[in-house]
Every structure is written in structure tokens, then in C-alpha cells.
Amino acid sequence: MTELTTAQPARHPAPTAKACRLAYLMFNRPQPEIAERFLHDFGLQTAVRTEETVFLRASDSAPFCYVIHQLAKAGFAGFGFEVPDIASLQALATLPGASAISDAPYPGGGQYVRLTDPSGFTVEAICGQQKVMPLPRREALSFNFNEERTRINDTQRPPVKAPDVLRLGHVVLEVADFQATSAWYTQHFGLIPSDVQVLPDGEPAVVFFRLDLGDTPADHHTLAMAQGFMPLYSHSAYELVDADAVGMGQRILREKKWQHAWGIGRHILGSQIFDYWQDPWGAKHEHYCDGDLFTADQPMGVHPVSRQAMSQWGQVMPVSFTKPKINLQAIRGLLHSLRHSPDVSVQKLKILARIFG
């Protein structure tokens, strides 16, 4: 029987606050117009553009879900969780290093607090955003099955265009300090571990966290974390209406000559039908549909980690998907983690390299 041999990941009995939505991601880009073009082809739409910042949205009622800041050095700048009320912001504002509560300088307004997690990622908590009118989108296609035939004298012809992104779904991070970072998100945002994949010795390699929405079903994961040797953005995921939208997304992005990363396939943990693409700076973005939903009482699953455990069908995860970029920053990060992180060792990195190629 596969078992977890570390304290984390685990639920926290009395979290500081409970996140209720992954609100937005933030990126720095030297050429925001190129990033914006990729995201339009991916299915997002520009909500607001200023001289230095572009805000993009999905078709839901959120005012934006993606922020591009114009800066010379490209990178991941952090993300925001929505919390339900000002009391949650007040509690989070008491944490070490937290900012004071202030008005959010974003479309939709609201108030927010800025935090830094143990791995150094910027995490904003926001509440009171004003919703906007949803954008038009197509409905899910109907299917003919063996004895359930709903489409008669009609054809399947989904529109040949960028798919409508319904909403921002999740973000995945690589961290060196896995135990401390996992504990921070469960303690301060009430995240619940849905599944954890472990190494042969029972130490965690990947954890999938969902929101605690009580009896309301929540996505299998809103934040996932993988054991790495330095803090890195891995990918983000955006929900589409059905599998044909995922397929049409692949067609459009291929025709626009963007870089494909992995897919199409169906994940095991989370069950999503997926397809991954890279923006011009190598940041991976996932189209997905048909993901699992769990209520708060669903217990955590524990599973052995492997490349084959990442999908039920479709292309096996390519080595390039998890291969780190070897540069001076990566070497410095590796050496720092080997010296200072209790969760990083040469032996563990050898095992991860062997598993993921």
C-alpha cells in the first residue's frame, strides 16, 4: 500500500482564511503585444489595456484573470486568490510580511492584501471585486451514443476559431521547500489536498490542492505543487466547454505556429482532457475540459509517482515537459537549495530525474 511518510500535505483544522476562487495570474513580459497575441489565439480576450499593463479575461463574470506587466525581464509575477469577505483580508493582513489592506488597482476594484509564501511567490488575496457581464460563448455539443441519439438531421461543425476560455482553472508551481510551502497554503488559505503522488520512500513529489467550499463541489485542484530544486512556474490551466473546443484550440494554435508542449490526452488525477501550449517565453498554458469535482469531505488519495501516472490515454508526457532549463540562475538555485532546503537532496533529485527522464 502506498503511504505518505511526511507531515505535509495535510488539512489544517483552523485556517486563517478560506480562498473561494483562483482570481488571476500575473506575468512580466518585455513585449506585451506578443504575449497578448498568443493569449488571443489561446482564447482569452483583452479587458483593459494601459501603457504598461494588459488585463485579459475569460467569458465568465470575473473582470480579468490574466495580467501582463511590461518589464524588461520576463517572469512569473504571482497570483491572486479571492476570499469571501473583509474579515478574511483582516486576518491575512496580520501574517508576517503581509501588506496593509488597500484598494486593488485592478479592473473590478475591491480590496486586497499582498503576501509572500515560503518559496518566495507573491500571493494576493482580494475581495469585493465587481463582476462584469459574461461574454457570449457556444454551448457544449450534443453527442449521439448507442441508444441516446439526440442529433438527427444535423451535423457537428464547431466554429473554426480560438476557443472560448470559460475561466481560469488552476496554477501549478515547482518548489524546493515543499513541506513549509504546503503547510502555508493549507494553514492560511484553507486548501485541501485532493491527491498526492509520492516517491518510493513515501516523500511527496506532487500534491493537488482544491478549495474548501464545503458541500459545494470544487475543482480537483486549483493549486498544485511539485517538488523541484528551486521555485518555478510550471503551468496554468483554462477551462473550455468540451473536448471539441480542446481539439479546435489545438488546430488554431498549430495554424498560428505557436509551440506545442503536450497533448491531447486525459489526465488520471483530475481526469481532465488536456492540451498544453507554450507562450514565446516558454510558459506552459493548458486547455482542459471535463475535470473532476470534489466536496470538502472527500479524503486525500496517495499514489506512486511516474511519468505514466500523468495520463490515461494520449501521448505519454514528453521529457521536454519537465526538463529544467540549465542556466546560471538554475545552477545558483540548485546550490542554494542543496545547502538550505530540508526537502532537497542529491539523492532525491536523482530519483526525480530517473522518473521524469
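Side chains are part of it too, since the values below use all heavy atoms of this structure and drop only hydrogens, waters and symmetry mates.
Ring geometry for F38 against H285 counts as perpendicular: the plane angle is over 60°, on a 0 to 90° scale with 30° as the lower cut. Ring geometry, F145 versus F143: the interplanar angle falls from 30° to 60°, so the pair is classed tilted. Classified by interplanar angle (parallel below 30°, tilted 30° to 60°, perpendicular above 60°), the ring pair Y66/Y238 is tilted. Using the six-membered ring where Trp is involved, W262 and F274 have ring planes that are tilted, between 30° and 60° apart.
The two atoms that bring A243 and C289 nearest to each other are N-SG, 3.4 Å, heavy atoms only. Nearest heavy-atom pair, P118 versus A180, reported as atom, atom and distance to 0.1 Å: CG-O, 3.7 Å. The two residues G109 and I126 make their nearest non-hydrogen contact at O-CD1, 3.8 Å. Residues V160 and M248 come closest through the heavy atom pair CA-SD, 3.8 Å. Residues V207 and P9 share a closest heavy-atom pair of CG2-CG, 3.5 Å. When all heavy atoms are compared, the tightest approach of A218 to L213 is CB-CD1, 3.8 Å.
Around atom NE2 of H260, more than 12 heavy atoms belonging to other residues, nucleotides or ligands sit under 6.0 Å away. For D215, the CG atom sits in a loose shell: 12 or fewer heavy atoms of surrounding residues, nucleotides or ligands are nearer than 6.0 Å. Other residues, nucleotides and ligands contribute more than 12 heavy atoms inside 6.0 Å of the CZ atom of R151. Environment of CD in Q156: crowded, with over 12 heavy atoms of neighbouring residues, nucleotides or ligands closer than 6.0 Å. When the shell of 6.0 Å around CD of E255 is examined, it contains more than 12 heavy atoms from other residues, nucleotides or ligands. Other residues, nucleotides and ligands place more than 12 heavy atoms under 6.0 Å from the NZ atom of K161.
No salt bridge links D212 with R11; every basic N to acidic carboxylate O contact stays at or beyond 4.0 Å. A salt bridge is absent between D244 and R138; no separation between the charged side-chain nitrogens and carboxylate oxygens falls under 4.0 Å.
Note that the OG atom of S236 and the CZ atom of F27 stand 4.5 Å from one another [nearest 0.5 Å]. Atom CG in L199 sits 11.5 Å away from atom OG in S306 (nearest 0.5 Å). With rounding to the nearest 0.5 angstrom, the CD atom of Q315 is 14.0 Å from the CE atom of M310. Between the CZ atom of F229 and the CG atom of L352 there is a distance of 11.0 Å, given to the nearest 0.5 Å. In this structure, CE in M225 is found 11.5 Å from CD in E174, a value given to the nearest 0.5 Å. Going from atom CD1 of I192 over to atom OG1 of T186 covers 10.0 Å, rounded to the nearest 0.5 Å.
Checked against side-chain hydrogen bond (donor to acceptor under 3.5 Å, both in side chains), W184 has no partners two or more places apart in sequence or in another chain.
Donor-acceptor pairing under 3.5 Å is recorded for the side chains of S194 and R210. Using modelled atom types, one finds no donor on one side chain facing an acceptor on the other under 3.5 Å when comparing T2 with H303. Of the N and O atoms on the side chains of H188 and T16, at least one donor lies less than 3.5 Å from an acceptor on the other residue. In this structure, a donor-acceptor pair under 3.5 Å is present between the side chains of S341 and D177. Inspection of the H220 and D195 side chains reveals an N or O donor paired with an N or O acceptor under 3.5 Å.
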Check the pair F81 / V123 against side-chain contact (heavy atoms from CB on, under 4.5 Å), numbers first and verdict last. CA-CA 7 Å; F81 278 130; V123 182; 4.1 Å; yes

Please assess C127 against D85 for the test side-chain contact (heavy atoms from CB on, under 4.5 Å), listing each intermediate value before the final yes or no. CA-CA 6 Å; C127 76; D85 49 40; 5.8 Å; no

Before giving the answer on side-chain contact (heavy atoms from CB on, under 4.5 Å), spell out for L22 and L223 the whole-Å C-alpha distance, their side-chain angles and the decisive distance to 0.1 Å. CA-CA 8 Å; L22 177 62; L223 171 68; over 6 Å; no

Verdict with reasoning, R37 to E33, per salt bridge (charged side-chain N to carboxylate O under 4.0 Å, His left out): CA-CA 6 Å; R37 189 167 75 243; E33 68 282 359; over 6 Å; no

Let me see the working for D117 and V175 under side-chain contact (heavy atoms from CB on, under 4.5 Å), right down to the final yes or no. CA-CA 11 Å; D117 77 8; V175 301; 5.7 Å; no

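Ring centers of H287 and F42: under 6.0 Å apart, within the cut-off. For Y276 and F321, the gap between ring centers is short of 6.0 Å. Between F189 and F209, a ring centre-to-centre spacing not shorter than 6.0 Å is recorded. You'll find the ring centres of H170 and Y288 inside the 6.0 Å limit.
The shortest side-chain heavy-atom distance between Y112 and Q129 does not fall under the 4.5 Å cut-off. Side-chain contact between F178 and S119: absent, with no pair of heavy atoms (C-beta onward) separated by less than 4.5 Å. Looking only at side-chain heavy atoms (C-beta outward), F79 and L173 come within less than 4.5 Å of each other. Between P204 and Q179 the shortest side-chain heavy-atom distance falls below 4.5 Å. Residues D219 and L211 are not in side-chain contact: their nearest non-hydrogen atoms beyond the backbone lie 4.5 Å or more apart. Annotation: side chain of L240 is in contact with side chain of V165 (closest heavy-atom distance under 4.5 Å). With contacts defined as side-chain heavy-atom distances shorter than 4.5 Å, the pair H40/T46 qualifies. When side chains are defined from C-beta on, R49 counts as touching E36, because their heavy atoms get closer than 4.5 Å.
Under the 3.5 Å distance criterion, the side-chain polar atoms of R251 are left unmatched by any main-chain donor or acceptor of R254. Using modelled atom types, one side-chain atom of Q312 and one backbone atom of H267 make a donor-acceptor pair closer than 3.5 Å. Side chain of T5 to main chain of G202: a donor-acceptor pair is present (N/O by atom type, distance under 3.5 Å, no hydrogens or angles). The backbone N or O of W281 sits less than 3.5 Å from a side-chain atom of D279, completing a donor-acceptor pair. Between the side chain of Y233 and the main chain of K284, a donor-acceptor pair closer than 3.5 Å is present. Proximity of a side-chain donor or acceptor of R266 to a complementary backbone N or O of S271 within less than 3.5 Å is detected.
The side chain to side chain contact (heavy atoms under 4.5 Å, CB included) test with W277 is passed by exactly one of K256, Q250, H235, E286: Q250.
Hydrophobic cluster of I268: the remaining members, joined at side-chain heavy-atom separations below 4.5 Å, are V206, F208, L269, listed by chain and number.
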